[in-house]
J.: 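A single structure is presented below for examination.
Keep in mind that this is a model prediction, so the values were computed, not measured. Below, read A as the first sequence line, B as the second, and so on, with proteins coming before strands; counting in each chain starts at 1.
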Amino acid sequence: VVVRLLHVASEPLQISYTWAGLVLACIWRFFPYTALVVIGALKGLDPSIEEAAYSTGARPYQVLLRVTLPLLAPAIVTGSILTFIGTFGTLSIPLGMGRGQDVLSVVAYRYALTFFDWGSAATVVVIMAVIQLSLLAAYTRLLRKGRA
Amino acid sequence: VSSGRARVEMPRTWVGRTVRLTFASLFAAFILGPFCVLLLWSIAQSWFWPSALPTAFTLRWYKWATVVPDVLHALRMSLVVATLATVLTTTVALPASLALSRRVIRLRGFLGIASRSPRDRRCRGPSGPSRRFDDEGHCPAGSRWAPI
């Protein structure tokens, strides 16, 4: 409706049945988690570090790029991992957005509850879990390396 | 970033050890139990009611999953959507959290999210916008109070 009022696009944007719409919905659903993690990290930052950067004459964008963002990197990675695992596993969004959004969770759901084919559904879910767990393992290894 | 974390020490008696072990195994069962059931389903060939475990095992579901176009398409879809959503979520969440955590304290007060404490307010001075009050609540010389 907003789009139509503003005359931005002549056609109504096709969101409901496209993968772009699915991505959009996932962003809408998951960005608070990343934001929460990053806000928490920002609160934990020592303001004197940024002050030091300012006092050496750095411009604000330099402080942001050279000081703040590198300090936030662990939080950003954590938030990204959370988001990836969440979007990879989400069922409600692709299922609710209608036909043609066959991600793995939807396929598993269909096999389990439409065809009552537990074997194939369980297999699909195990494949999903293996992908997510390997990502998690890589993440913990990264953490350990960062701490050492 | 975290330096030195508090360790909860259980007493080193047999009671402490039992409590710890019980809790750990209950927790592990709670987390891994459902996943183990799925794993069993994915390799079960026949699993009927009175038997507690499958009576025959097979890998045919995994063979099936690697050839069915349904699953392969869904796998690609999942990976693409999750990757795109993660990247875009981070690009949305990062500026949002930077803005929320330092620029819009007035807005946060309006939303009632955070009560304002004097230490949250910053001084705006020649060395940049992020100087804190000193302990008496005064701004350092050469800067002024600013509710940023």
Side-chain angles (χ1 to χ4, degrees), chain A residues 19 22-24 26-27 30-39 41-45 47 50-51 53-55 58 60 63-64 68-69 71-72 74-76 79-81 83-89 94 101-108 118-129 131, chain B residues 1-2 34-35 37-47 54 58-66 68 70-102 120 122 125-132 140:
Chain A
W19 62 269
L22 182 59
V23 172
L24 209 63
C26 285
I27 297 169
F30 284 101
F31 96 88
Y33 295 100
T34 308
L36 272 182
V37 175
V38 173
I39 287 176
L42 272 170
K43 289 247 159 114
L45 282 189
E50 287 179 327
E51 280 167 38
Y54 277 119
S55 68
V63 174
L64 182 70
T68 313
L69 284 185
L71 285 172
L72 287 179
I76 295 170
S80 304
I81 298 272
T83 310
F84 187 89
I85 289 178
T87 44
F88 192 79
Q101 305 308 318
D102 288 355
V103 292
L104 282 177
S105 56
V106 173
V107 169
W118 299 109
S120 30
T123 307
V124 171
V125 175
V126 168
I127 293 172
M128 290 173 68
I131 293 174
Chain B
V1 180
S2 68
F35 186 68
V37 174
L38 277 175
L39 206 61
L40 271 180
W41 265 116
S42 74
I43 55 171
Q45 186 167 25
S46 60
W47 192 358
T58 174
L59 283 178
R60 103 186 123 105
W61 299 120
Y62 288 93
K63 288 205 194 90
W64 167 85
T66 51
V68 181
D70 242 15
V71 179
L72 295 179
H73 175 255
L75 177 65
R76 210 177 49 226
M77 187 86 173
S78 278
L79 287 174
V80 167
V81 167
T83 310
L84 262 177
T86 304
V87 170
L88 292 174
T89 297
T90 308
T91 41
V92 171
L94 205 59
S97 44
L98 281 170
L100 271 177
S101 68
R102 38 185 73 175
D120 273 350
R122 302 288 172 91
S127 65
S130 68
R131 274 184 171 228
R132 278 183 189 277

J.: Thr87(A): which residues meet the side-chain hydrogen bond (donor to acceptor under 3.5 Å, both in side chains) condition with it, sequence neighbours left out?
T.: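 Thr87(A) satisfies side-chain hydrogen bond (donor to acceptor under 3.5 Å, both in side chains) with no other residue.
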
J.: So which of Val126(A), Leu69(A), Leu36(A) has the biggest tally of heavy-atom pairs under 4.5 Å with chain B?
T.: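 Greatest number of close heavy-atom pairs with chain B: Val126(A).
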
J.: Side chain, backbone, both or neither: which part of Ile131(A) has an atom under 4.5 Å from a heavy atom of chain B?
T.: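 It is the side chain, since no backbone atom gets that close.
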
J.: Quick check on Ile85(A) against chain B: is it the side chain, the backbone, both or neither that has a heavy atom closer than 4.5 Å?
T.: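 Neither part.
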
J.: Please state whether the side chain, the backbone, both or neither of Ile127(A) comes within less than 4.5 Å of a heavy atom of chain B.
T.: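 For Ile127(A), the contact with chain B is made by the side chain alone.
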
J.: Could you go through residues 78-87 of chain B and list every donor-acceptor pair under 3.5 Å that involves a side-chain atom there, pairing it with any protein atom two or more places apart or in another chain?
T.:
unit_1, atom_1, unit_2, atom_2, d
Ser78(B), OG, Leu104(A), N, 2.9
Ser78(B), OG, Ala74(B), O, 3.3
Thr83(B), OG1, Leu79(B), O, 2.6
Thr86(B), OG1, Ala82(B), O, 2.6

J.: Apply the side chain to side chain contact (heavy atoms under 4.5 Å, CB included) test between Phe31(A) and each candidate in Thr90(B), Val92(B), Leu94(B); give the one that qualifies.
T.: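 That would be Val92(B).
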
